[in-house]
Each structure stands twice: as structure tokens, then as C-alpha cells.
Amino acid sequence: MRKYFQPEIETAPREEILKIQNEKIVKQVRHVYENVKYYRDLMDAKGVKPEDIKGVDDIKKLPFLSKADLREAYPYGLLGTDIKNCVRIQSTSGTTGKRVVAFYTQGDVDMWEDCTARAIVAAGGDEGDVCQVAYGYGLFTGGAGIHGGSHKVGCLTLPMSSGNTERQIQFMMDLNATILCCTPSYAAYIGETLAEKGYKPEDNKLKAGIFGAEPWTEEMRRDIEKNLGIKAYDIYGLTEISGPGVAFECEEQHGMHINEDHFYVEVIDPDTGEVLPEGSKGELVFTSLDKEAFPLLRYRTRDICVLSREKCSCGRTFIRMTKPMGRSDDMMIIRGVNVFPSQIETVLLNEGYSPNYQIVVDRVNNSDTIDVFVELAPEQFSDIVSRHQAREKKLESAMRTMLGIGPKVHLVAPKSIARSEGKAVRVIDNRKLHD
Ligand code: ADP
Ligand code: ZN
């Protein structure tokens with residue numbers, strides 16, 4: 001079995017990675033300054049010239065880019081090459097507003113697919129595997145990105161796209177899929193459907209899952225691993241920087257290795273923009289070191305996490321990022337307290353509930369309210385009202401301990417919360433309607 005897709009770089013000594021980064025950034029800044037007027041104007045306004053950037057240590061002199069810039073420059077304003085050199089467009093899912101588009105040259109696609117191939121090999125994939133790609137195909141980067149990586153590794157690729165769960169299961173069982181790739185919420189749904197059909201975890205041939213594109217907790221990982229009988233690996237990415245595979249988990253399952261030969265990473269204080277030391281929690285910022293068509297420098301992701309350079313037993317030398325606990329946009333401020341949906345998910349799974357839940361936030365008489373709707377499994381469902389009330393009170397109290405504020409919990413009937421085939425919608429914030 002292969003251990004690395006590109007061992008020379010994945011296990012390269014730190015000095016070598018740094019040398020590559022230093023060389024690439026000098027070239028990349030010049031490329032962007034010469035070809036992307038939008039960013040040249042930002043650099044000029046800040047008084048930074050390409051010759052001021054002599055290595056990655058100088059990256060902090062460069063201006064940031066944000067989603068707002070991408071929306072303003074939509075569609076061609078950040079293009080780094082003649083459109084004739086581009087072979088592909090992908091688009092964000094639009095989770096937080098108007099979609100933005102990203103362009104790729106053939107070189108960019110190749111680099112991206114190398115990154116997803118590294119992720120597949122890190123999850124134990126090789127030529128003998130059957131890789132079921134149940135991320136959406138199309139403008140979304142999930143399907144296309146993993147598909148390309150699966151080809152590079154030499155897996156037999158099942159290009160299922162998301163949805164049609166009956167067919168997913170039929171092909172999974174008939175064609176002996178060994179690796180499942182989709183969002184974690186869809187993996188949970190597939191696991192639930194398999195169980196309903198009477199399959200036990202050991203009835204499928206799956207050994208691994210590569211799940212990402214949305215936040216998920218360690219509790220959710222354990223749940224999926226148990227229900228599908230697999231080892232579940234996290235994968236992270238975003239369209240603006242390429243797509244899934246910017247970072248990926250190894251067998252340690254302890255943080256995702258960032259493909260540092262292609263992406264330079266910083267963590268900043270989201271309020272001040274100050275670069276934070278390793279180990280601090282903050283917003284991830286990526287600089288693409290060698291993308292040609294859509295070469296973003298210092299792109300603010302709004303994803304909150306922590307970086308670690310601690311040595312990893314897998315032998316990879318790339319820096320690791322923790323699971324993002326959610327985007328800064330996902331953070332709800334409820335009566336002045338910061339709350340992430342992932343905290344609620346942790347409580348629910350720890351208390352023995354399914355990951356089928358929805359959070360509704362509102363404002364009543366100038367005070368924020370938070371209601372959590374939690375689905376009961378069929379075996380938990382009982383007609384005795386008093387038992388329900390006791391369960392609700394217990395969950396409310398566990399959540400109050402975790403969050404510092406008390407949500408109202410409503411236990412609802414099995415199957416009453418919509419399942420997700422892509423990115424799950426966990427929060428409905430009605431306060432925005434009143435603003
Ligand atoms: P959109 O921003 O519209 O959802 P994308 O489809 O490009 O567009 O999604 C990228 C975003 O998805 C990331 O910025 C991050 O918030 C989220 N994401 C991707 N992978 C993960 C992951 N493994 N864990 C948590 N969040 C993730
Ligand atoms: Zn590792």
C-alpha cells in the first residue's frame with residue numbers, strides 16, 4: 001500500500017519547504033502585480049512594491065483580500081492570465097451569499113488534483129480501491145476535485161455525484177466501493193439509510209471515508225465511523241484557493257496537513273488583522289503560491305482554527321490545522337454570547353441523539369431567542385409526554401453548561417428534519433428578517 005502520493009515533497013525537511021515557498025512567492029507576487037489590476041491597485045494604495053517581497057516573511061506586508069473583494073471584482077477582475085489560457089470555471093456553493101467564480105488553467109487543475117490525490121492516499125487509497133464520489137458534480141468543487149485525484153491515484157472512480165441515495169447504496173454494494181467521499185452530513189444520511197435497509201456496518205466493503213466541505217465535530221466522526229464501519233478522514237478546502245484538498249487528514253486523524261508547497265497559511269486576529277503566533281485561535285488566511293489563473297494573495301477565509309507544527313507520526317512535514325470550528329459567519333451572537341453550531345452538535349451526540357438538528361434564532365421583545373429542534377430516533381420516540389419533557393430539560397441543561405446561555409430544546413418526531421445531500425443548513429436566523 002502506498003503511504004504518500006508525492007513523498008519527496010510531503011515528507012521534505014522544513015528548510016526545503018521554506019525554500020520552495022520563498023522562491024514561489026517572489027515570482028507569484030510579480031505575476032499578480034503585473035497581471036491583476038485590482039490587486040496592483042491595493043498594493044499601490046498600501047505602498048508595497050513586488051521587490052519588497054523577498055520571501056514568505058514579507059507576506060505580512062501585502063494587503064488582504066476578502067469575499068467582498070471577490071464579489072466586487074466578479075467575474076473577471078482577479079483573473080491572472082488571459083482567459084484563453086483557462087480551461088475551467090468552478091463556483092462557490094453560495095453558503096454565505098452571492099456565489100463567486102474561480103478560474104483554472106490546465107496547470108492549476110493538475111496541481112489541485114495532486115492535492116486531492118495526496119488526500120486519498122493519506123486515507124489509505126491506492127490502485128486497488130473503488131472510490132465512490134458522492135460530492136456534487138458541476139460548479140461545486142467537491143465532485144470535480146476528488147474525481148481528478150481519484151484518477152491520479154488510479155482508483156476505480158464511481159462518479160455518482162450527490163443525491164439519489166437509493167442508487168448510491170446499490171452501486172456501493174454491487175460495485176464494492178471501498179472509499180466514500182461526500183459531505184459528513186450526507187455520509188450520516190447514507191449510514192442511516194443503510195441501517196434502515198437492514199445492512200450492518202460489516203456488510204459493506206468500505207474502509208475509509210473522505211468527508212469535508214462543511215464543519216463536523218469529533219462526535220459526528222465517531223458516529224459515522226461506527227455506522228459505516230470505516231475510518232473517517234477530514235478534508236478541507238475552498239473554491240477561492242482551488243477546492244477540497246487545500247488540507248487533508250492522515251492516519252493520525254489529528255489535524256489536517258496543509259499542502260504548503262502550494263498554499264502559504266497564516267492565522268490572524270479577525271478584528272485587527274494582526275498575524276497571530278502558532279497555536280493561537282484565529283482566522284485562516286491563504287496565499288496561493290503557484291496558481292496561474294486565480295492567484296489570490298492573503299485571502300481571508302473567515303474560517304476559525306488553530307495551526308500546529310508539532311511533528312506528525314505519519315512522516316508528513318506539512319503544518320497542520322485543526323478542524324475549523326465553523327466560519328466566523330456561522331458564529332451566532334446570542335444575547336452577547338458567541339455560540340457555534342458545532343458546540344450544540346457536540347452536546348447532542350454526547351447525549352445520544354442523532355446529528356439531525358436545526359437551530360432557529362430570533363429576536364422577541366428585543367431579546368435573542370434560540371430554539372434547537374432535535375430529532376428523536378425511532379427507538380427514542382415515545383408517546384409519554386412527561387418523558388419528552390424530562391429529556392428536553394436534560395438537554396437544555398447540558399447545553400447551558402456548554403454554551404453559557406440556555407436554548408429552548410424541542411424534541412421532534414423521527415424523519416421530521418430534512419436530510420442533507422450536500423452542505424447541511426444548520427441555522428435559520430430570523431433576526432435578519434427584522435433588521
Ligand atoms: P461556500 O463558501 O459558498 O460554502 P465553498 O463550497 O468553496 O463555498 O466552501 C468552502 C468553505 O466550506 C470553507 O471556507 C469552509 O468554511 C467550509 N469547509 C470546507 N471544508 C471544511 C471542513 N473540512 N471542515 C469545516 N468547514 C469546511
Ligand atoms: Zn500526519
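Sequential numbering from 1 along the given sequence is applied to the chain's residues. When a ligand or atom number is given, it counts from 1 through the structure's own listing order.
- Among protein heavy atoms, the minimum distance from atom 1 (P) of ligand 1 is reached at Thr95 OG1, 3.5 Å.
- The two residues Cys250 and His257 come nearest to each other via the heavy atoms SG-NE2, 3.6 Å.
- Within the structure, the closest approach of Lys423 to ligand 1 falls below 4.0 Å when heavy atoms are considered.
- Of the protein's non-hydrogen atoms, the one nearest atom 2 (O) of ligand 1 is Arg327 NH1, 2.8 Å.
- Side chain to side chain, Thr165 and Tyr186 meet the donor-acceptor criterion of an N or O pair below 3.5 Å.
- At the shortest separation from atom 6 (O) of ligand 1 among protein heavy atoms lies Ser93 OG, 2.7 Å.
- Contacts between Phe140 and ligand 1 below 4.0 angstrom, taking non-hydrogen atoms only, involve the side chain exclusively.
- The residue Thr141 has no part lying near ligand 1, judged by heavy-atom distances below 4.0 Å.
- Polar contact check, Ile235 against ligand 1: a nitrogen or oxygen pair lies under 3.5 Å apart.
- Distances between N or O atoms of Ala213 and those of ligand 1 include at least one value under 3.5 Å.
- Of the heavy atoms in Asp234, only side-chain atoms (C-beta onward) come closer than 4.0 Å to ligand 1.
- A donor and an acceptor atom, one from each side chain of Gln168 and Glu421, are nowhere located under 3.5 Å apart.
- For the pairing with Asp129, the salt bridge (charged side-chain N to carboxylate O under 4.0 Å, His left out) check across Lys207, Arg2, Lys205 returns one residue only, Lys207.
- Protein heavy atom nearest atom 7 (O) of ligand 1, with residue, atom name and distance: Thr239 OG1, 2.5 Å.
- Within the 4.0 Å heavy-atom criterion, the part of Asp303 lying near ligand 1 is the side chain and not the backbone.
- Listed by first then second residue, pairs satisfying side chain to side chain donor-acceptor pair (under 3.5 Å) with a partner in residues 234-244 read Lys67-Glu240, Trp216-Asp234, Asp234-Lys323, Tyr236-Asp303, Glu240-Tyr299, not counting sequence neighbours.
- For Lys231 and Glu225, the salt-bridge test fails: no basic side-chain N is under 4.0 Å from an acidic carboxylate O.
- Excluding water, every protein N/O/S atom under 2.8 Å from the Zn ion (ligand 2) is given here by residue and atom: Cys250 SG, His257 NE2, Cys312 SG, Cys314 SG.
- Nearest protein neighbour of atom 24 (N) of ligand 1, counting heavy atoms only, is Glu214 O, 3.2 Å.
- Of the heavy atoms in Met325, none comes closer than 4.0 Å to ligand 1.
- Scanning the protein heavy atoms around atom 3 (O) of ligand 1, the nearest turns out to be Gly94 N, 2.8 Å.
- A donor-acceptor contact closer than 3.5 angstrom is absent between the side chains of Tyr199 and Asn204.
- Looking at Thr105 and Asn85, their side chains never bring a donor and an acceptor atom within 3.5 Å of each other.
- Residue Met321 comes nearest to Leu284 through the heavy atom pair CE-CD1, 3.7 Å, listed as atom of the first residue, atom of the second, then distance.
- At least one heavy atom of Lys67 lies less than 4.0 angstrom from ligand 1.
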